[in-house]
Each structure stands twice: as structure tokens, then as C-alpha cells.
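Presented below is the structure to which this report refers.
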Amino acid sequence: MKKLLSIVLSLVMLLSVSVASINAFAAVGSIESTTKQNKIILEVNGKTSTGVSYERDPDDPRKITFTYDGDGELIGWEFPGMEEGVDYEIISEKGNNITILVSEDYEGDVIANAIVKEETTSETTKKGDKEKSPKTGAASAAGIAAMGAGAAILTALKKKEDAE
């Protein structure tokens with residue numbers, strides 16, 4: 001009876017971990033924003049960068065101020081994929097700051113690209129590196145659970161053979 005119980009518990013554990021890992025993978029693919037705020041992507045010379053920061057107006061989240069904080073000389077700003085006067089309007093531009101108002105109808109990403117004359121390479125990062133999540137978490141857990149279940153089954157079968 002104990003052997004049968006250990007086999008059943010091992011199978012239940014394997015099934016539980018498998019279902020949990022499947023749910024974890026499903027959740028990653030279906031994450032959606034719960035607000036209508038546009039995703040903001042910060043770039044310098046067309047590459048994702050930490051040299052640009054932004055701040056949303058607390059009273060109107062469509063009003064966004066971008067600031068270039070890098071070492072190079074700021075030449076200007078561009079917002080790829082957006083059309084000025086349709087998707088956004090420039091409210092002010094002073095020094096290394098620009099403030100825009102995103103149209104209520106615009107639902108795409110807001111890409112703020114600072115055009116810089118001489119930017120240092122330490123500021124740029126490979127696009128997407130920070131946003132990647134490890135791919136091994138759920139798979140590792142499922143593998144460990146499978147090994148544990150297999151070991152429990154083998155132990156139970158070995159004890160059964162020894163008993164006979």
C-alpha cells in the first residue's frame with residue numbers, strides 16, 4: 001500500500017508542476033496593460049539607451065516630458081512611427097527637454113529618439129536585453145519534478161523487487 005501511495009503522490013507532484021509551468025508560460029504571452037497609457041521606448045540615435053529619461057504629467061498622463069541626460073550634444077528629437085500634428089503635438093522644447101501631448105486616439109508605442117552628435121557607447125544597450133526574462137525557470141522546475149517522480153517510482157519498484 002505504501003508503494004502504491006508513493007507512486008500516486010509522485011505522479012500528482014509531476015502533474016502539478018507541469019500544470020504550473022504551462023500556466024507560467026501562458027501568462028508570459030498574454031500580459032496586457034490595464035491602462036490606456038502608451039508604452040514608452042527611449043532611444044539615442046535609434047538605439048535603446050539609458051541616456052534619455054521621461055516623466056508623465058500627473059494631471060494628464062498624455063503629456064510627457066523627455067530629457068536627454070547623455071554626454072553627447074543633443075541636436076534634436078524625433079518620434080518614429082508618429083506624425084506631428086496628428087499623433088502628438090510639441091508643447092515645449094527647451095535645452096535637453098521636450099514636452100509632447102499624445103493624441104487621445106493614438107494607441108501605439110511612443111518612441112522618443114534623441115538625435116545626438118557624439119554619444120558615448122557606454123550609454124547604449126543592446127535592444128531588448130533588459131526586457132528578456134530567463135527562459136529556464138519553469139522548465140527547470142518541471143525537470144526537477146520529473147526527476148523526483150522518476151526516482152520515487154524507481155525506488156518503489158526496487159523495494160517491490162526486493163520484497164519478492
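Here the structure is a predicted model, which means the values were calculated and not measured.
- The shortest side-chain heavy-atom distance between R56 and I40 falls under the 4.5 Å cut-off.
- I64 contributes atom CD1, which lies 5.0 Å from atom CD1 of I100 (distance to the nearest 0.5 angstrom).
- The OG1 atom of T99 lies 9.0 Å from the CZ atom of F66; values are rounded to the nearest 0.5 Å.
- Put simply, the side chain of Y68 gets close to the backbone of G72: a donor and an acceptor are under 3.5 Å apart.
- Ring to ring, Y88 and F79 are close: their centroids are under 6.0 angstrom apart.
- Side-chain contact annotation: D69 with S53, donor-acceptor N/O pair under 3.5 Å present.
- Hydrophobic clustering of Ile, Leu, Val, Met, Phe, Trp and Tyr side chains at less than 4.5 Å, counting indirect connections, unites V102 with I90.
- The cluster map of Ile, Leu, Val, Met, Phe, Trp and Tyr, joined by side-chain heavy atoms under 4.5 Å apart, puts Y54 and Y106 in the same cluster.
- Listed by chain and residue number, R62 satisfy the salt bridge (Lys or Arg N to Asp or Glu O under 4.0 Å) test with D60 (two or more places apart in sequence, or in another chain).
- Taking the side chain as every heavy atom from C-beta outward, S49 and L42 never approach each other to under 4.5 Å.
- Although no hydrogens or angles enter the test, the distance criterion places a donor-acceptor pair under 3.5 Å between the side chain of N38 and the main chain of G108.
- One distance of note links CE of M82 with CD1 of I111; it measures 9.0 Å at 0.5 Å rounding.
- Considering every non-hydrogen atom in both V116 and I75, the closest pair reads C-CD1, 4.1 Å.
- Residue E55 qualifies as open at atom CD: its count of foreign heavy atoms under 6.0 Å is 12 or below.
- Under a 3.5 Å cut-off, the side chain of D109 and the backbone N or O of I41 do not form any donor-acceptor pair.
- The line from CD of E43 to CD of E78 is 8.0 Å long, rounded to the nearest 0.5 Å.
- In terms of the salt bridge (Lys or Arg N to Asp or Glu O under 4.0 Å) criterion, residue partners of D57 (sequence neighbours excluded) are, by chain and number, K63.
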Does N97 form a side-chain hydrogen bond (donor to acceptor under 3.5 Å, both in side chains) with T67? I'd like the steps, not just the answer.
CA-CA 4 Å; N97 297 325; T67 304; 2.6 Å; yes

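- In this model, no donor atom of one side chain and acceptor atom of the other lie less than 3.5 Å apart for S103 and D87.
- Heavy atoms only, all atoms of each residue included: A114 and L74 are closest at CB-CD1, 3.8 Å.
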